[in-house]
Q: 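This is the structure I have questions about; it appears just below.
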Amino acid sequence: MSAGAYAESPGPWVQAGRRLRRNAAAMAGAALLAAIGLACFVLPWWLGLDPTSTEPSQRLLPPSLVHPFGTDTLGRDLVARVLIGGRTSLLVGLAATAASVSIGVLYGGIAGFYGGRVDEAMMRIVDFLYGIPYMFLVILVMLMFAETARGEALPVFLALGLVQWLTMARIVRGQVLGLRDQDFVLAARVVGARDLRILLRHVLPNVMGPIVVYATLTVPTVIILESFLSFLGLGVELSWGQLVSDGVAVVNPIASPWWLLACPAAFLAATLFALNFLGDGLRDALDPKTGG
Amino acid sequence: MIEALCVLLALLAIASLAFLPVPVTRALGALFLAALIFVFVRVGYGAAVGAAAAIVAGGLAYLRAPPAILRRFAFMVPSLVLLIGVTTWLMYLAPGNPFAQEKSIAPQVEMALRAQYGVPESPLAFFQVYMERLLTEGSLGPSLKVKGRSVLDLLLPALPVSLALGSLALLISVVLGLVLGVRAGVRPNSFADHSSMALALVGISLPNFVIGAGLMILFSLELGLLPVAGWGGYRHVFLPALTLALPHAATIARLARSGTIEVMQQDWIRTARAKGLPERQVVYRHALKVAVLPVVSYLGPATAGILTGSFVVETLFGIPGMGQWFVKGAINRDYSVVLGTALFYCTFITLFNLLVDLAMAWLDPRIREAA
């Protein structure tokens, strides 16, 4: 075999990409996610949908051609509400995940990289926060904004990002702890690289696999948590969680406007399905050992 | 801002526990364990029994308990104190106070109410009052919103309700998760695998209150088999427990599946097969023992998740448990009810995590060697 053949051997990321593209479920998930994202962010603007305009004569209509998802108790069109609500849910999911990834990776990276007593002290704080039911912290943080910013999305990002970084920190710390004594770290140190540079440029890129996988699986968790908050009356004004909990509230044995629950729940579930498929596919692609 | 400084100092103090020499940690752990037992036993049986139990337990722990466990206690009790502090601070930061009413009340009246209930205007003073009451009287204080009742009066009847619901939910999730997961992992990519994993995906892709509403519609409204909501006989516990359990059953099934797949490829499984053991024995005697390890380590987070989920499920099904008191207390600014539930939840979760770690060490010789 010539040297050229060796040089053309694709890198680990390219190989992972190929494995991912062969995974039908993961690709279907990605396509579904793209379609939902496009529908939520482009359609309402393109069709000029208004989620708040009420029409007293059109209350609680079942799905029809004019209102494909029906209307709610105030005569608002459910298509508009589901799509605009999707914006909030997706944004909350992405923003809280971004926050948790950046805090978790840095914190876990530093703890794992320095190890020893520093590691022990830093992880004690994580243990402390881990011992508190996260919903408890989230509810307390949400209360602080109960009057000044009720129904706005920012406090929700903050509260959810605040509790989600713990698991990420633990994962990254475990991985970095295993890498810090490897020869390439020593090599970088011999060349004179500083700690921060070694951590950011040499160690963390090797942990990207678990980080990407866990981040993908954090988005659904955050979206579900947001729906819990909505259910308890502490969530964002208009989101899937809010719509679904409104839908649950109208369930009764006499007349159930099922579309109020079914339509937002279908979108929520489809998004979480897609994210979970994609996350599983990424895990199998980045870590071929665990593939079934 | 002095509160933020205090919290920071307390966090540093807890972190610095990691730097103490081993004998000091042992003594501290035993001391804290004794204090914890004293506070909890006194609530039920009075100060004398509490002190006796604390001395016996603390002494025994100091002499016999392994350092790893004592270290956990040395860390746990300061954490609980810090939790009280942080919770107090966050509640004071939230707008409104327990005595705010629709009509504005005279400042003198509010002063009198604050003095009567022991709720000073600053969080630090409240923390001091609360800790003093907890340590000297062993009391969780009066409820600020439910007139004439103490926090203990409110939480004691709720405790068995939450325990029954939570333990049944945990049992369902472990049994269901293991059955589905092992069935899927033994034959990857078979119909059993795909059907189990599809079911698991539904479990983690829907918020539990949607699952709960679905179960309610199906079993109570359509089939009329079980009561819709409320709490009373054993028939009331099934739907909420199933609702709480399903998301965790799904996660456990996924963990058990990947654990089983990994174990089934090991050499010693091949050996077991080679010496002619029936497949059933290979799976249940040899593989399962190792395949459940990730499931056991998930039990800690699962319990925390079930407690958290109970906030929602208790509200949905109208169950008078601890979760309801926490949500009500937080929304009504009933500071002492919130602190009481927080103390209970966190003690429970920390102790449960300790048990899980002990179980892990018992099951897995590799961890036992390392400890």
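Both backbone and side-chain heavy atoms feed into the values below; hydrogens, waters and symmetry mates do not. So that the names make sense, note that chain A is the first sequence line, chain B the second, and so on, each numbered from 1.
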Q: Select, from A:Leu225, A:Leu268, A:Leu272, A:Thr271, the one with the greatest count of heavy-atom pairs under 4.5 Å involving chain B.
A: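 It is A:Leu272.
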Q: What part of A:Thr221 is in contact with chain B, defined as an atom under 4.5 angstrom from a non-hydrogen atom: side chain, backbone, both or neither?
A: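 Neither the backbone nor the side chain of A:Thr221 comes within 4.5 Å of chain B.
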Q: Check A:Ala269 against B:Leu206 and note the closest heavy-atom contact, atom names and distance.
A: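 Shortest heavy-atom separation between A:Ala269 and B:Leu206 comes out as CB-CD2, 3.6 Å.
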Q: Are any non-hydrogen side-chain atoms of A:Asp280 and B:Arg254 less than 4.5 angstrom apart?
A: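 Side-chain contact under 4.5 Å: yes.
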Q: If you tally heavy-atom pairs under 4.5 Å against chain B, which of A:Val138, A:Ile224, A:Leu261 wins?
A: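 Going by pairs under 4.5 Å, I would pick A:Ile224.
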Q: Let me confirm one number: the CD-CG distance from A:Glu120 to B:Leu17, rounded to the nearest 0.5 Å.
A: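 So the CD of A:Glu120 and the CG of B:Leu17 are separated by 10.0 Å.
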Q: Any side-chain heavy-atom pair from A:Asn276 and B:Ile204 closer than 4.5 angstrom?
A: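 Yes. Closest side-chain heavy atoms under 4.5 Å.
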Q: How long is the gap from OG1 on B:Thr88 to CG on A:Leu140, to the nearest 0.5 Å?
A: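 One finds 10.0 Å between OG1 of B:Thr88 and CG of A:Leu140.
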Q: What closest approach, in Å, do A:Phe128 and B:Ser79 show between heavy atoms, and which atom pair accounts for it?
A: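 A:Phe128 and B:Ser79 have their closest heavy atoms at CE1-O, 3.2 Å.
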Q: Do you know which of A:Phe228, A:Phe277, A:Phe231 has the most heavy-atom pairs with chain B at a distance under 4.5 angstrom?
A: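 Answer, by heavy-atom pair count under 4.5 Å with chain B: A:Phe231.
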Q: Compare every heavy atom of B:Phe311 with every heavy atom of A:Leu232, then report the nearest pair and how far apart it is.
A: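 In this case the closest contact between A:Leu232 and B:Phe311 is CD2-O, 4.1 Å.
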Q: Hey, what do you get for CG (A:Asp127) to CZ (B:Arg72), rounding to the nearest 0.5 Å?
A: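 Reported to 0.5 Å precision, the distance equals 7.5 Å.
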Q: Would you say A:Ser245 and B:Phe209 make side-chain contact, with heavy atoms under 4.5 Å?
A: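 In short, these two side chains touch, coming nearer than 4.5 Å.
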Q: Looking at every heavy atom in both A:Arg117 and B:Phe19, which two are closest together, and how far apart are they?
A: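 The answer is CB-CE2, 2.9 Å.
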Q: Rounded to the nearest 0.5 Å, what's the gap from CD1 on A:Ile125 to CG on B:Leu82? Could you check?
A: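 Rounded to the nearest 0.5 Å, the CD1-CG separation comes out at 9.5 Å.
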Q: If you count heavy-atom pairs within less than 4.5 Å of chain A, which of B:Thr341, B:Val202, B:Ile331 leads?
A: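 Option with the greatest count: B:Val202.
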Q: I'd like to verify something: which residue of B:Asn353, B:Thr350, B:Leu93, B:Leu80 has the highest number of heavy-atom pairs under 4.5 Å with chain A?
A: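 Top option by heavy-atom pairs under 4.5 Å: B:Leu93.
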Q: Between B:Ala342 and chain A, with a heavy-atom cut-off of 4.5 Å, which part of the residue counts as in contact: side chain, backbone, both or neither?
A: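 The answer is both parts of B:Ala342.
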Q: Counting only non-hydrogen atoms closer than 4.5 Å, does B:Ala213 touch chain A with its backbone (N, CA, C, O), its side chain (CB onward), both, or neither?
A: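 Side chain only.
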Q: Does a side-chain heavy-atom distance below 4.5 Å link A:Val248 with B:Leu316?
A: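 Yes, side chains in contact.
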Q: Counting only heavy atoms closer than 4.5 Å, note whether B:Thr87 contacts chain A via side chain, backbone, both or neither.
A: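 When you check distances to chain A, atoms from both the backbone and side chain of B:Thr87 fall under 4.5 Å.
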Q: Sort B:Asp193 into side chain, backbone, both or neither according to what part of it lies under 4.5 angstrom from a heavy atom of chain A.
A: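 Looking at B:Asp193, nothing touches chain A.
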